[in-house]
Amino acid sequence: MIATPTVNKDTFSVSTPADDEIRMTRLFDAPRKLVFEAMSRPEHVRRWWGCLGEGYSVPVCEIDLRVGGKWRFVNRHPQGEAAFHGEYLELDPPGRMVFTEIFEDYPDVVTTVTSVLTEEGGKTRLTATVKYPSSEVRDIVRSTGMEHGAGLSYDRLEDLVAELSRA
Amino acid sequence: MRTDPLSATFAALADPTRRAILERLARGECSVTELAEPFAMSLPAISKHLRVLERAGLITQRRDAQRRPCRIEATPLRDAAGWAEHVRAVWEGRLDRLDAYLDELTKQQTNPQETKP
């Protein structure tokens, strides 16, 4: 387990470039090539993806890194397992990667993730744009606090859901 | 329109009147007339919203003479909220972990003798 504090946490920000998209951006203290490799090689992905602490691991990490190639990651966590899979749609290392992503518990929701890596003052900025099947889906995701309380249109729904989960 | 359960839930929740109806029903079962009261809407207009909510499985309506009481069904809402919360946690967690991992990798490259994987 890696215990290093995340120094670039404050550089995380979220925006909504289209009504069915969420864009997340974050700075990393590493060269672009290394960030791309960390995101696309199984030996690296196993070490960070979904490894939130003790009791987390990545028992399955399959990457067929070519356009049309499939990927599948399984995250083991203290409550069980969460599996994700998808297909690479565009690859342009070390600057761009587009893939579909499906959380297997909800196989009907197909999202498309566009990851762009840019150099910024010796660091690397990752901009991940997630496209959801509809604006409603996007709004629900946004309402769960991705923007840390900024301009939430569904805050009343959040309250309702909280009320229901207590019931 | 997509017909999978999660999309039906999201589509039903997209309308502010329907969210307000659900909030009212979260406090307890009530009739269509009672539901219509706080809204400047006709009974047929409210009934239309109720049909959307019913098709999405978010409410059920009992055939109790004229009253036709409505009640909220929590499961689809919990599923939608669970999915969304999961997505949020996953993304935040992923980016934090990637940052920590890259930090470890770059340290290894500068001090190879000091840190071993």
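What you see is a predicted model, and the numbers here were worked out from it, not measured in a lab. A, B, ... follow the sequence lines: proteins, then strands. Residue 1 opens every chain.
- Connection of Val116(A) to Tyr88(A) is not established within any shared hydrophobic cluster, with ILVMFWY side chains joined at heavy-atom distances below 4.5 Å, either directly or through further cluster members.
- Shortest non-hydrogen contact noted between Arg97(B) and Arg47(A) is NH2-O, 4.3 Å.
- In the hydrophobic clustering of this structure, Leu43(B) groups with Leu53(B); members are Ile, Leu, Val, Met, Phe, Trp, Tyr whose side-chain heavy atoms approach within less than 4.5 Å, directly or through other members.
- Contact of the His44(A) side chain with the Leu105(B) side chain is registered, since non-hydrogen atoms from C-beta on lie closer than 4.5 Å.
- Atom CG in Leu102(B) sits 8.5 Å away from atom CH2 in Trp48(A) (nearest 0.5 Å).
- Val130(A) touches chain B through its side chain: at least one heavy atom from C-beta onward sits under 4.5 Å away, while N, CA, C and O do not.
- The hydrophobic cluster containing Val58(A) does not contain Val74(A), counting ILVMFWY residues as joined when their side-chain heavy atoms lie under 4.5 angstrom apart, directly or transitively.
- When side chains are defined from C-beta on, Phe28(A) counts as touching Leu95(B), because their heavy atoms get closer than 4.5 Å.
- With rounding to the nearest 0.5 Å, the separation of CZ in Arg94(B) from CG in Leu126(A) is 11.0 Å.
- Side-chain atoms of Asp29(A) and Thr106(B), non-hydrogen and from C-beta on, never get closer than 4.5 Å to each other.
- Proximity to chain B (any heavy atom under 4.5 Å) is restricted, for Pro31(A), to the side chain, taken from C-beta onward.
- If you chain together hydrophobic residues whose side chains sit under 4.5 Å apart, Val35(A) and Val98(A) never meet in one group.
- Leu65(A) and Val60(A) end up in different hydrophobic clusters when Ile, Leu, Val, Met, Phe, Trp and Tyr side chains are linked at under 4.5 Å.
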